[in-house]
Structures are given as structure tokens and as C-alpha cells.
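These notes concern the structure reproduced below.
No hydrogens, no waters, no symmetry mates; every other heavy atom, side chains included, goes into these values.
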Amino acid sequence: MGKLIIFSAPSGAGKTTIVKHLLQKLPNLEFSVSATSRTLRQGETDGKDYYFLSAEEFKEKIDHNEFLEWEEVYSGVCYGTLKSEISRIWKKGNHVLFDVDVVGGLNIKKQYPDEALAIFVMPPNSETLAERLCGRGTDSKESIQKRLDKAEWELTFAPKFDIIIVNDDLEKAVEETIDIVTGFISKQ
């Protein structure tokens, strides 16, 4: 059985950027593609960025116990981790890397307390978080405000994670994360 590396953070904290660097540097890690009931955004690919499911398909998979974890992250929008993703990655002899919301991350950690490392990526401050979200140019002002409001709540979960990485200097945050993940994977 492989290891599970869980990344959670408020939207805009930089977790996805750190995850991408990790995947480039550590070839034995493989990204777990999450499922979502939200619509596909420009530039996204089904099966690569997410498994895009209709609300009905998502509910069917919940009813058939096909998710390791799932949450309604925003009103009417669900995200989850399909059990089949972990099996697929472990069968290849790789370790699973997750980029999930805070509740989902902690739920995975609960189910795999010894095999999982839960990492919370912390933004340096709320102003930087707002700048990053606005700078993406992908969300409306209302959506950005929703994400900022949610970020306040998500930050309260940080102490429940194994490790907190403050992303105030991306290069430093990536190096620190690589050291931590490499150390965890090498432990038997």
C-alpha cells in the first residue's frame, strides 16, 4: 500500500501551484483527480482537472458508496474523491496526492491515519489572498467574496492538519514541502 499526501487550503493560497511543483519533482507521486458537480471552466479538461459530473451523476455515486469523501463545498456544488482513484494509483505502485477542501482532507486523514500526511497551505494574509483571487480573472466579484468568506472559516481548520506551510515565498514553500513529503514517504 502506498502513502497519501493531502493538500488543503483556502482558494487562492497557492496549494495547486505547490502540488504541480511536487508532481514535477517527485515522480512516484500521482495526482488524484477529484469529481465535481460544477461546470467545466475554460481551459479545463474532464478526467484531468476534475471528473465533471452532473448533479444527478454525483448523487448516484454517493448512493452507491463510490466516494472516499465528498462535500457540498458551495451551495449546490459538490466535490469528492472517488475510491477508484486511490485503487488506480496504488495499483501502479505510486503514492496518491490530493488537492482537496479542508473537510475532505481531514476525512481522508481520519480513514488513513498512518498512511496519510495532511498538509495545510496557509496564505501569508487575507489581503494577499484577495489579490490572488482577483488576479486569476476567472470569478465574478460575488464569487470572490464567497471564497474570501469561506477562507475565514477554512483557516480555523489549519491546526487540525499535520503540517502547516505558509506560502509567502513560493520557492521556499515548494522546497519545504518537498523535504517534508520526501521524509514522510521514506518512513516505513
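Rounding to the nearest 0.5 angstrom, the gap separating the OG atom in Ser34 from the CG atom in Asp99 is 7.0 Å. Summarising the geometry, atom CD1 belonging to Ile164 is positioned 4.5 Å from atom CE belonging to Met122; distances are rounded to the nearest 0.5 Å.
Of all heavy-atom pairs between Ala35 and Leu53, the closest is CB-CD1, 3.8 Å. For Leu29 against Leu23, the heavy-atom pair with the smallest separation is O-CD2, 3.7 Å. In terms of heavy-atom proximity, Arg38 sits nearest to Phe52 at O-CD2, 3.4 Å. Summarising the geometry of Ile6 relative to Ala116, their closest heavy-atom pair is CD1-CB, 3.8 Å, with the distance given to 0.1 Å. Of all the heavy atoms in Pro159 and Thr156, the pair that sits closest is CD-O, 3.5 Å. Shortest non-hydrogen contact noted between Tyr51 and Glu85 is OH-OE2, 2.8 Å.
At least one cation-pi condition fails for Lys109 and Phe161: the charged atom is not both under 6.0 angstrom from the six-membered ring centre and inside a 45 degree cone around its axis.
A salt bridge is absent between Lys59 and Glu56: the closest approach of a Lys/Arg side-chain nitrogen to an acidic carboxylate oxygen does not fall below 4.0 angstrom. Checked for salt-bridge contact, Glu66 and Lys83 miss the test: no charged N lies under 4.0 Å from a carboxylate O.
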(Q) Would Tyr79 and Glu72 count as a side-chain hydrogen bond (donor to acceptor under 3.5 Å, both in side chains) here? Give the steps. (A) CA-CA 6 Å; Tyr79 291 85; Glu72 185 174 11; over 6 Å; no
(Q) Set out, in order, the CA-CA distance, both residues' side-chain angles and the distance that settles salt bridge (Lys or Arg N to Asp or Glu O under 4.0 Å) for Glu69 and Lys110, then state yes or no. (A) CA-CA 11 Å; Glu69 59 79 30; Lys110 251 187 248 171; over 6 Å; no
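Between the side chain of Lys25 and the backbone N or O of Ile178, no donor-acceptor pair lies under 3.5 Å. Between the side chain of Thr45 and the backbone N or O of Lys48, no donor-acceptor pair lies under 3.5 Å. Although no hydrogens or angles enter the test, the distance criterion places a donor-acceptor pair under 3.5 Å between the side chain of Glu57 and the main chain of Ser54. Put simply, the side chain of Ser186 gets close to the backbone of Gly183: a donor and an acceptor are under 3.5 Å apart. Looking only at distances, a side-chain donor or acceptor of Asp162 sits under 3.5 Å from a matching main-chain atom of Ala118.
Using a 4.5 Å heavy-atom cutoff, the side chains of His21 and Leu170 are in contact. Side-chain contact check for Asn107 versus Leu68: every heavy-atom pair is 4.5 Å or farther apart. A heavy-atom distance below 4.5 Å is found between the side chains of Val181 and Leu22. His95 has its side chain out of reach of Leu4: every pair of non-hydrogen atoms, C-beta onward, lies at least 4.5 Å apart. Counting heavy atoms from C-beta on, the side chains of Cys78 and Thr36 never come closer than 4.5 Å. For the pair Leu97/Ser32, no side-chain contact is recorded, criterion being any heavy-atom separation below 4.5 Å from C-beta on. Inter-residue side-chain proximity for Phe120 and Phe7 is flagged as unmet; no heavy-atom pair is nearer than 4.5 Å. Side-chain contact check for Asn167 versus Ile18: some heavy-atom pair is nearer than 4.5 Å.
Taking the six-membered ring for Trp and the full ring otherwise, Phe98 and Phe31 have centroids separated by 6.0 Å or more.
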